[in-house]
There are 2 protein chains.
Amino acid sequence: MKIRRRYTCPLEIVHDFLRGKWKTIILYQLKHGPKSLTELEKCIVGINQKMLIQDLADLIEFQVVNKIKYEGYPLKVEYSLTAERGQKIIEAINILQSIGKEYMNENGMKI
Amino acid sequence: MKIRRRYTCPLEIVHDFLRGKWKTIILYQLKHGPKSLTELEKCIVGINQKMLIQDLADLIEFQVVNKIKYEGYPLKVEYSLTAERGQKIIEAINILQSIGKEYMNENGMKI
DNA sequence: CGGTATCCTTCGCGATACTG
DNA sequence: CAGTATCGCGAAGGATACCG
C-alpha cells in the first residue's frame with residue numbers, strides 16, 4: 001500500500017485503504033472460506049481480472065488476506081482471510097452488511 | 001443518495017455510500033457529540049465547505065446524521081449522529097479505527 | 001489458470017465564485 | 001454563517017492483449 005498523504009487519524013489509513021470499489025466485496029466473499037482467483041472472479045459481478053489481482057495484492061500487503069500456493073499441476077492458488085486482521089475487518093464489514101439489509105427492507109429494495 | 005447501479009449484495013449499498021473521501025471521517029468527528037458546520041470544517045483537515053455540505057446532505061438522507069436548526073439569531077445549526085443507524089455505523093467505524101491504530105503501531109507510524 | 005502491461009475513459013473532488 | 005453552482009484535472013478503474 002502506498003501512503004497517499006499525511007494522516008491525521010488512524011481511521012484515515014484504513015478508510016483510504018478500503019475506499020476502492022472492490023476490496024470490501026472481495027473480503028466479504030472470503031468470509032466463508034478460501035477461494036481461488038477464478039472462483040472470486042465468478043462470484044463478484046462486474047469485476048475484471050486486473051482489478052481483482054491488484055486488490056488482492058493490496059489486501060495481502062495489509063495482512064487481511066493470505067495467499068496459499070499449492071505445488072504441482074494444475075496450478076492451484078487460494079486466498080483466505082488472515083486469522084487476526086482479516087477476521088477483525090470482517091466484523092466491521094458484517095455491521096455494514098446488516099445496515100445495508102435494514103436499509104433495503106425499509107425501502108422495499110430487492111436484489 | 002442516488003442509486004449508482006444494481007446491487008448484488010446489501011453490503012454494496014453501504015460501501016458505495018461510504019466510499020467517498022470524507023463521509024467516514026465526518027461520522028467519526030460526530031462520535032463525541034453534535035457539531036456545527038464550522039466546527040466540523042476546523043477539525044477535518046483538508047476538507048472544503050462544498051464537500052462537507054454535500055456529504056452531510058448524503059449522511060442525512062441515509063439517516064445516519066441529524067440536522068438540528070435552532071431558531072433565532074445568530075443562526076445556529078448542529079449535526080449529530082442518529083440514535084439508530086448513526087450509532088450502528090459508528091460501531092463499524094470504531095473497529096476500523098482500532099485496526100488503523102494497530103497498523104500504525106506495528107509499522108512505527110506516528111500522526 | 002494465474003498474472004502483467006498498456007491504453008483510454010469516467011467521475012470524484014478541489015478551486016472558486018456567487019446567494020440569502 | 002449556511003448553502004448552491006460551475007468548471008477542470010488527475011487518479012481510479014475498465015477493456016484488452018500478452019506471458020509462464
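So you know, we letter chains A, B, ... as the sequences are listed, proteins then strands, and number each from 1.
Taking atom CE of A:M51 as the reference point, atom C1' of C:dC7 lies 15 Å away to the nearest angstrom. For A:I44 and D:dG13, the CD1 to P distance is 13 Å, given to the nearest whole Å. Atom-to-atom, NZ of B:K35 to P of D:dA2 comes out at 14 Å; the value is rounded to the nearest Å. Atom-to-atom, CG of B:L40 to P of D:dG3 comes out at 11 Å; the value is rounded to the nearest Å. Here the P atom of nucleotide C:dA15 and the CG atom of B:L52 are 14 Å apart, to the nearest Å. Regarding B:Y70, its OH atom lies at a distance of 13 Å from the P atom of D:dA2, rounded to whole Å. What separates CH2 of B:W22 from C1' of C:dG14 is a distance of 10 Å, to the nearest Å.
Under the side-chain contact (heavy atoms from CB on, under 4.5 Å) criterion, A:Q87 pairs with A:L81, not counting sequence neighbours. Listed by chain and number, the residues in a side-chain hydrogen bond (donor to acceptor under 3.5 Å, both in side chains) with A:K88 are B:S98, B:E102 (sequence neighbours excluded). Residues satisfying the side-chain contact (heavy atoms from CB on, under 4.5 Å) test with B:Q97, not counting sequence neighbours, are A:C9, A:P10, A:L11, B:Y28, B:K101. In this structure, B:E84 has no side-chain contact (heavy atoms from CB on, under 4.5 Å) partners at least two apart in sequence or on a different chain. Residues forming a side-chain contact (heavy atoms from CB on, under 4.5 Å) with B:E78 (at least two apart in sequence, or on another chain): B:P34, B:Y70, B:K76. Among residues two or more places apart in sequence or in another chain, the side-chain hydrogen bond (donor to acceptor under 3.5 Å, both in side chains) test is passed with A:K67 by none.
Between A:R19 and D:dA11 there is no side-chain polar atom (N or O) within less than 4.0 angstrom of OP1 or OP2. Taking only side-chain nitrogens and oxygens, A:K21 comes nearer than 4.0 Å to OP1 or OP2 of D:dG14.
Toward the 5′ end of DNA chain C lies the nearest nucleotide of A:E41, the other residue of the pair A:E41 and B:G46 mapping further downstream. In terms of position on DNA chain D, the residue among A:Q54 and B:S36 whose nearest nucleotide sits closer to the 5' end is B:S36.
Computed from C1' positions of five pairs at each end, the angle between the two local axes of the helix from C:dC1-D:dG20 to C:dG20-D:dC1 equals 40°, rounded to 10 degrees.
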Please list, for nucleotides 3-6 of chain C, all pairs of protein and nucleotide N/O atoms separated by less than 3.5 Å.
residue: C:dG3; atom: OP1; partner: A:K67; partner atom: NZ; Å: 2.4
residue: C:dG3; atom: OP2; partner: A:Y79; partner atom: OH; Å: 2.6
residue: C:dG3; atom: N7; partner: A:Q49; partner atom: OE1; Å: 3.2
residue: C:dG3; atom: O6; partner: A:Q49; partner atom: OE1; Å: 3.4

Under 3.5 Å, side-chain donor or acceptor atoms of residues 45-54 of chain B against the rest of the protein: list the pairs with distances, not counting sequence neighbours.
residue: B:N48; atom: OD1; partner: B:K50; partner atom: N; Å: 3.3
residue: B:N48; atom: OD1; partner: B:M51; partner atom: N; Å: 2.9

